[in-house]
Engineer: 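Structure provided below as structure tokens; questions to follow.
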Amino acid sequence: MPFLIVTFALYHYNSIFMSVVASIKQAAAAAVQALYQQPFTAADVSVNTTKPEFEGEYTIVVFPFTKFSRQKPEETGHALGAWLAENHPDLVAGFNVVKGFLNLTVHDQFWTAFVQDAHHNVHVGQQPANGKKVMVEYSSPNTNKPLHLGHLRNNFLGFSVSEILKANGNEVIKANLVNDRGIHICKSMLAWQLFAHGDTPASTGVKGDHLVGDYYVHFESILRDQAEPIISRVLEGNFKDFEGEQLERITKLHTALHKPEVQADTEKSGKIKDEIKELSRNRTEIMQQAKIMLQQWEAGNPEVRALWQTMNSWVYEGFEKTYKRLGIDFDKMYFESNTYLLGKDVVEEGLRKGVFFKKADNSVWIDLTADGLDEKLVLRGDGTSVYITQDIGTARLKYDDYQMDQSIYVVADEQNYHFKVLKLIMQKLGEPSADGISHLSYGMVELPHGRMKSREGTVVDADDLVEEMVSTAAKYTEELGKVKDFSEEELRDLYETIGLGAMKFFLLKVDPKKKMVFNPEESIDIHGFTGPFIQYSHARIRSILREFSAEDLSSLAAYRHTGSLLPMEKELIKINEQFGEVLAEAGRELSPSVIANYAFLLAQTFNSFYAKKESGKYIYSVRDAESEDKRKLRLQIASLTANTIRQSMKFLGIRVPERM
RNA sequence: GGACCGGUAGCUCAGCUGGAUAGAGCAGCUGCCUUCUAAGCAGCAGGUCAUUGGUUCGAAUCCAAUCCGGUUCACCA
């Protein structure tokens with residue numbers, strides 16, 4: 001019979017302990033093997049938390065066992081419960097069976113041992129190193145404009161997932177692939193050249209990324225002005241702005257637009273109009289100039305390169321400030337100006353291997369129709385790269401740099417198709433990095449009135465938003481007046497902690513794959529399922545602990561409660577004990593929202609514990625506990641809860657204050 | 001049209017590897033500050049889990065079909 005490792009000795013914070021749920025599962029699997037000689041593993045056992053109306057903490061569903069027990073569910077439950085109570089008396093103190101559910105009462109000693117060892121353990125719930133290396137690429141901004149709301153979800157997700165993976169024992173490399181070249185930055189450069197009269201961040205006092213972004217906006221407005229007459233000419237049937245292939249295309253579009261079936265279909269006609277717009281924009285003088293500038297950049301024109309260097313450096317200075325304020329960091333920066341030519345050699349190899357094929361115009365393709373996708377271009381006829389070519393090359397570069405087991409791309413769900421294709425191509429090429437590629441796809445952040453559109457000026461700027469969140473936090477805090485003795489510096493730090501906490505929590509509490517609506521009023525809320533609620537709960541616990549001396553608190557490490565536990569004492573310890581499982585699940589699912597939900601439950605449970613009143617008395621009072629033993633136990637529980645809240649928020653990238 | 005994602009309370013979301021009477025927060029309504037921090041707590045009210053069918057001891061959860069919303073299917077990045 002396989003013996004089980006469920007002893008108190010395991011509860012030492014530098015050793016790996018098994019969670020209660022895992023222990024129960026393993027014990028139950030052993031029970032089934034012993035009682036019914038069935039090969040049953042822990043993973044096959046379904047364990048739930050016991051509903052409050054029944055006695056016990058965890059419940060084993062026994063229906064699956066009745067197949068081979070050949071007994072009624074009740075009888076099977078009793079047999080299983082009796083076996084567990086006899087063979088694991090340390091774990092199972094008692095049981096009852098209701099229909100097909102075996103409710104187990106975990107031995108109080110299990111809980112008290114956990115509190116003793118975990119209450120001051122800053123590594124609670126974490127896993128030791130597992131030897132796996134994971135790269136998380138996130139943020140990946142363009143250098144022509146400042147970060148916006150969409151980037152915030154990306155940044156917080158990427159950072160949080162990285163921290164969660166670290167806590168699960170992985171070595172994590174946080175990477176940022178900056179899109180620092182291309183037509184977009186040339187637009188900013190050109191507009192700056194034409195209109196800035198030499199203005200710099202230093203001369204204007206404008207943050208670098210915003211200054212560059214302002215000229216991008218300037219470019220776009222001029223482009224709009226120049227494109228308008230061309231568009232109207234086209235709509236009137238005057239194509240004098242076009243020649244060659246473009247003329248052919250625009251003529252076709254114009255004809256199509258006037259077909260009655262297209263006129264009736266607003267979606268179709270809208271698409272055609274969009275294409276006409278796009279073609280017209282390309283014919284404007286300013287766009288032509290920008291394109292020339294891009295060619296000069298590619299040819300290495302020293303003046304263009306110098307301007308590019310300068311303006312990018314302004315942007316990086318701005319980004320640096322924003323990242324720092326957000327509490328976001330990276331281990332490795334990649335720049336597209338270094339990677340945009342990569343991938344062509346891989347395509348050559350693929351061509352030789354027969355993974356790709358050439359068309360008559362010399363363009364290179366891959367046929368993915370067998371995989372339910374389309375044919376996909378990987379190299380243009382003139383030998384230049386497309387988006388995916390770069391990504392193929394960059395994937396190889398990253399792997400050459402780090403040989404990681406997994407490479408996670410934090411990118412919005414618009415690009416699901418792209419990453420599916422990328423992984424497939426890498427697999428067909430037999431690249432060692434292929435199987436580790438995964439796309440952490442997240443839904444777009446929308447505003448109450450719809451999607452953000454930069455051309456319509458509905459983009460929410462990240463810096464502005466942070467500023468607004470922080471000042472709102474300041475306003476609330478001042479109204480409550482609880483920290484009047486704080487210094488200027490302490491106050492500023494507190495406002496940052498709360499404002500950013502509210503924003504990060506708001507963006508992380510929802511399942512990443514769901515698109516979300518960003519409602520400014522709700523995101524600033526501090527009540528209910530919010531960051532500040534959890535921060536407040538932490539501050540309150542710290543305030544309780546502050547009543548006790550350092551000696552009092554340090555003596556807790558040697559204390560183990562031996563009496564029985566009251567219901568909410570047990571409940572709180574139980575929830576704290578689940579943190580390890582929660583952290584593991586968040587790692588498996590790459591989902592910070594799992595932790596956000598957990599942290600809220602924990603804070604909420606503590607608040608109930610704190611406020612529980614019977615006949616006018618606070619029955620879980622720490623200070624006025626009914627005995628010295630209970631006082632110590634509750635100090636441990638309070639300390640444990642503050643610790644778990646702090647840790648869980650840390651994995652979301654959110655700080656918790658001592659007072660607020 | 002194909003592929004992928006979503007549809008759970010008035011609103012925003014948990015729950016989805018099948019388990020007991022579907023949970024939170026917000027908004028609405030009641031109470032509770034001579035309290036270890038009321039940014040809190042306790043309670044009331046609010047549901048055809050998009051629809052239909054199937055699988056089984058058991059379905060919000062799995063399967064199929066349908067309906068609605070989104071994204072995508074560029075020699076843009």
Engineer: Indicate, with a heavy-atom threshold strictly under 4.0 Å, whether A:Phe600 touches base, sugar-phosphate, or nothing.
Structural biologist: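 Here A:Phe600 touches the backbone only, sparing every base.
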Engineer: Which part of the nucleic acid, if any, lies within reach of A:Tyr620 when heavy atoms closer than 4.0 Å are counted: base, sugar-phosphate only, or nothing?
Structural biologist: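 Here A:Tyr620 touches the bases of the nucleic acid.
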Engineer: If I pick the C1' atom on B:C57 and the same atom on B:G10, what distance separates them, to the nearest angstrom?
Structural biologist: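 The same atom, C1', in both gives a distance of 38 Å.
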Engineer: Rounded to whole angstrom units, what separation is found between the CE atom of A:Met516 and the P atom of B:C26?
Structural biologist: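 Checked: the CE to P distance equals 17 Å.
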Engineer: Should we count CD of A:Glu375 as having more than 12 external heavy atoms under 6.0 Å?
Structural biologist: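 Atom CD in A:Glu375 is packed in, count exceeds 12.
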Engineer: Say you pick atom P in B:C16 and the same atom in B:G54; how far apart are they, in whole Å?
Structural biologist: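 These two P atoms come out 26 Å apart once rounded.
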Engineer: Would a line drawn from the ring center of A:Phe335 to the ring center of A:Trp308 be shorter than 6.0 Å?
Structural biologist: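 Aromatic pair excluded; centres sit 6.0 Å or further apart.
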Engineer: Where along residues 494-510 of chain A does a heavy atom come under 4.0 Å from RNA chain B, residue by residue in number order?
Structural biologist: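 Contacting residues: A:Ile498, A:Val510.
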Engineer: Given B:A14, B:C36, B:A3, identify the nucleotide with an atom nearest to the side chain of A:Lys420.
Structural biologist: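 Nearest listed nucleotide: B:A3.
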Engineer: Within the 4.0 Å heavy-atom criterion, would you say A:Thr384 contacts the bases, only the backbone, or no part of the nucleic acid?
Structural biologist: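 Nothing: the residue A:Thr384, judged by heavy atoms under 4.0 Å, touches no strand.
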Engineer: For B:G40, give the paired nucleotide (Watson-Crick: N1-N3 plus N6-O4 or O6-N4; G-U: N1-O2 and O6-N3; both under 3.5 Å), or none.
Structural biologist: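 Base partner found: B:C32.
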Engineer: Identify whether any heavy atom of A:Asn103 sits under 4.0 Å from a base atom; if not, whether one sits that close to sugar-phosphate; answer base, sugar-phosphate or nothing.
Structural biologist: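 Base contact.
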Engineer: Counting the atoms with a prime plus P, OP1 and OP2 as sugar-phosphate, which does A:Thr66 contact under 4.0 Å by heavy atoms, base, sugar-phosphate, or nothing?
Structural biologist: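 The answer is nothing, as A:Thr66 stays clear of every strand by at least 4.0 Å.
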Engineer: Quick one, give me the B/S/- string for nucleotides 72-77 of chain B, reading 5' to 3', where B means a protein heavy atom under 4.0 Å from the base and S means that only happens at the primed atoms, P, OP1 or OP2.
Structural biologist: SS-BSB
Engineer: Measure from NZ or CZ of A:Arg540 to the centre of the six-membered ring of A:Tyr610, then state whether that distance is under 6.0 Å and the direction lies within 45° of the axis.
Structural biologist: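 That pair qualifies as a cation-pi contact.
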Engineer: I'd like to know if A:Arg634 pairs up with A:Asp629 as an ion pair, taking the criterion as any Lys NZ or Arg NE/NH1/NH2 lying under 4.0 Å from an Asp or Glu carboxylate oxygen.
Structural biologist: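 Salt bridge absent between A:Arg634 and A:Asp629.
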Engineer: If I take atom OH in residue A:Tyr598 and atom P in nucleotide B:G15, what distance separates them, rounded to the nearest angstrom?
Structural biologist: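 Distance, rounded to whole Å: 16 Å.
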Engineer: Give A:Arg659 one of three labels, base, sugar-phosphate or nothing, depending on what nucleic acid heavy atoms sit under 4.0 Å from its own.
Structural biologist: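 The answer is base, as A:Arg659 lies within the cut-off (heavy atoms under 4.0 Å) of a base atom.
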Engineer: Give A:Glu53 one of three labels, base, sugar-phosphate or nothing, depending on what nucleic acid heavy atoms sit under 4.0 Å from its own.
Structural biologist: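 Base, at least one base atom sits under 4.0 Å.
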Engineer: Would you say the rings of A:Tyr216 and A:His184 are close, in the sense that their centroids are separated by under 6.0 Å?
Structural biologist: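 Ring centres of A:Tyr216 and A:His184 not closer than 6.0 Å.
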Engineer: Closest to the A:Asn607 side chain: B:C4, B:G25, B:G40?
Structural biologist: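 The answer is B:G40, which lies nearest to the side chain.
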Engineer: Report the residue from A:Lys514, A:Lys515, A:Lys513 that forms a salt bridge (Lys or Arg N to Asp or Glu O under 4.0 Å) with A:Asp511.
Structural biologist: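 Passing option: A:Lys513.
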Engineer: Relative to A:Phe600, does A:Lys509 satisfy both conditions: NZ or CZ under 6.0 angstrom from the six-membered ring centre, and within 45 degrees of the ring's axis?
Structural biologist: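 Output no; distance or angle outside limits.
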Engineer: Go ahead and name the base partner of B:C62; Watson-Crick or wobble counts if both distances stay under 3.5 Å, otherwise write none.
Structural biologist: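 Base-paired to B:G54.
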Engineer: What interatomic distance, in whole Å, is found between C1' of B:U55 and the corresponding atom of B:C62?
Structural biologist: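 About 8 Å, rounded to a whole number of Å.
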Engineer: Quick one: A:Met444 CE to B:C4 P, roughly how many Å, whole number?
Structural biologist: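 Checked: the CE to P distance equals 21 Å.
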Engineer: Can you tell me, in whole Å, how much space there is between the C1' of B:A64 and that of B:A20?
Structural biologist: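 These two C1' atoms come out 29 Å apart once rounded.
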Engineer: Can you tell me if NZ on A:Lys612 sees more than 12 non-hydrogen neighbours from other groups inside 6.0 Å?
Structural biologist: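 No, not enclosed.
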Engineer: For A:Ile541 and A:Gly372, take the nucleotide of RNA chain B holding the closest heavy atom to each; which residue's nucleotide lies nearer the 5' end?
Structural biologist: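 Checking each residue's closest nucleotide, the 5'-ward one belongs to A:Gly372.
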Engineer: With RNA chain B as reference, determine whether A:His527 or A:Thr50 sits nearer its 5' end, using the nearest nucleotide of each.
Structural biologist: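 Counting from the 5' end, the first nearest nucleotide belongs to A:Thr50.
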Engineer: Given B:A38, B:C41, B:C36, identify the nucleotide with an atom nearest to the side chain of A:Arg540.
Structural biologist: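 Closest nucleotide among those given: B:A38.
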Engineer: Expressed as a whole number of Å, how far does the P atom of B:C11 sit from that of B:C49?
Structural biologist: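 Each nucleotide's P atom is 16 Å from the other's.
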Engineer: Counting heavy atoms not belonging to A:Lys617, are there more than 12 under 6.0 Å from its NZ?
Structural biologist: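 Counting neighbours around NZ of A:Lys617, 12 or fewer heavy atoms of other residues, nucleotides or ligands fall under 6.0 Å, so no.
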Engineer: Between B:G2 and B:U51, how far apart are the two P atoms, rounded to whole Å?
Structural biologist: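 Their P atoms lie roughly 24 Å apart.
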Engineer: If we take the C1' atom in both B:U21 and B:G1, what is their distance in whole Å?
Structural biologist: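 Looking at atom C1' only, B:U21 and B:G1 are 45 Å apart.
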Engineer: Would you indicate which nucleotide in B:C41, B:G7, B:C57 comes nearest to any side-chain atom of A:Phe63?
Structural biologist: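 The closest nucleotide is B:C57.
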Engineer: In sequence, state the C-alpha distance, the side-chain angles, and the governing distance for A:Thr59 and A:Thr50, and then conclude on side chain to side chain donor-acceptor pair (under 3.5 Å).
Structural biologist: CA-CA 5 Å; A:Thr59 297; A:Thr50 304; 2.7 Å; yes
Engineer: Side chain of A:Phe533, heavy atoms from C-beta onward: which of B:U37, B:A20, B:C41 has the nearest atom to it?
Structural biologist: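 The answer is B:C41, which lies nearest to the side chain.
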Engineer: Return the value, rounded to whole Å, for the distance between atom CZ of A:Phe606 and atom P of B:A38.
Structural biologist: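 To the nearest whole Å, that distance equals 11 Å.
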Engineer: Touch check for A:Glu658, heavy atoms < 4.0 angstrom, all strands: base, sugar-phosphate only, or nothing?
Structural biologist: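 A:Glu658: base contact, heavy atoms under 4.0 Å.
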Engineer: For a quick check of understanding: with a heavy-atom distance under 4.0 Å over all strands, which category does A:Ser621 fall into, base, sugar-phosphate or nothing?
Structural biologist: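 Base, at least one base heavy atom under 4.0 Å.
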Engineer: Hey, does A:Phe529 reach any base, or is it just sugar-phosphate, or nothing, if we go heavy atoms under 4.0 Å?
Structural biologist: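 It contacts sugar-phosphate atoms only.
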Engineer: Please give the distance between the C1' atoms of B:G7 and B:G47 as a whole number of Å.
Structural biologist: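 Between the two C1' atoms, the distance is 15 Å.
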Engineer: For a quick test of reading the model: is some side-chain N or O of A:Lys514 closer than 4.0 Å to OP1 or OP2 of B:A14?
Structural biologist: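 So the side-chain polar atoms of A:Lys514 do come within 4.0 Å of the phosphate oxygens OP1 or OP2 of B:A14, strictly under.
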Engineer: Does the structure show a Watson-Crick or G-U wobble partner for B:A20, both distances under 3.5 Å? Name it, or say none.
Structural biologist: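 Here B:A20 is not engaged in any pair, so there is no nucleotide opposite it.
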Engineer: Got a sec? Which of residues 610-617 of chain A come in under 4.0 Å of RNA chain B, heavy atoms?
Structural biologist: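 Residues of residues 610-617 of chain A under 4.0 Å from RNA chain B: A:Tyr610, A:Ala611.
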Engineer: Would a line drawn from the ring center of A:Phe40 to the ring center of A:Phe68 be shorter than 6.0 Å?
Structural biologist: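 Ring centres of A:Phe68 and A:Phe40 closer than 6.0 Å.
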Engineer: Under 4.0 Å between a side-chain N or O of A:Lys51 and OP1 or OP2 of B:A20?
Structural biologist: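 A:Lys51 to B:A20 OP1/OP2: side-chain N or O found under 4.0 Å.
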Engineer: Only pairs with both distances under 3.5 Å count, Watson-Crick or wobble alike; so what is the partner of B:C4 in this structure?
Structural biologist: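 B:G70 - that is the nucleotide pairing with B:C4, both distances being under 3.5 Å.
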Engineer: More than 12 heavy atoms of other residues, nucleotides or ligands under 6.0 Å from CD of A:Glu245: yes or no?
Structural biologist: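 Counting other residues, nucleotides and ligands, CD of A:Glu245 stays at 12 neighbours or fewer.
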Engineer: Applying the side-chain contact (heavy atoms from CB on, under 4.5 Å) criterion to A:Leu80, which one of A:Val62, A:Leu104, A:Val97 satisfies it?
Structural biologist: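 Result: among A:Val62, A:Leu104, A:Val97, A:Val62 is the only option passing the side-chain contact (heavy atoms from CB on, under 4.5 Å) with A:Leu80.
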Engineer: Please assess A:Thr641 against A:His119 for the test side chain to side chain contact (heavy atoms under 4.5 Å, CB included), listing each intermediate value before the final yes or no.
Structural biologist: CA-CA 8 Å; A:Thr641 305; A:His119 78 271; over 6 Å; no
Engineer: Would you mind reading off the distance between A:Glu74 atom CD and B:C57 atom P, rounded to a whole angstrom?
Structural biologist: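 For the pair A:Glu74 CD and B:C57 P, the rounded distance is 16 Å.
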Engineer: For B:C11, which nucleotide in any strand shown is its Watson-Crick or wobble partner with both distances under 3.5 Å?
Structural biologist: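 B:G25 is the nucleotide pairing with B:C11.
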Engineer: Taking atom types as they are modelled, is there a donor-acceptor pair under 3.5 Å from the base of B:A14 to the side chain of A:Ser593?
Structural biologist: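 Per atom types, no contact qualifies.
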Engineer: Tell me whether the count of non-hydrogen atoms from other residues, nucleotides or ligands lying under 6.0 Å of NZ in A:Lys359 goes above 12.
Structural biologist: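 Above 12, so yes.
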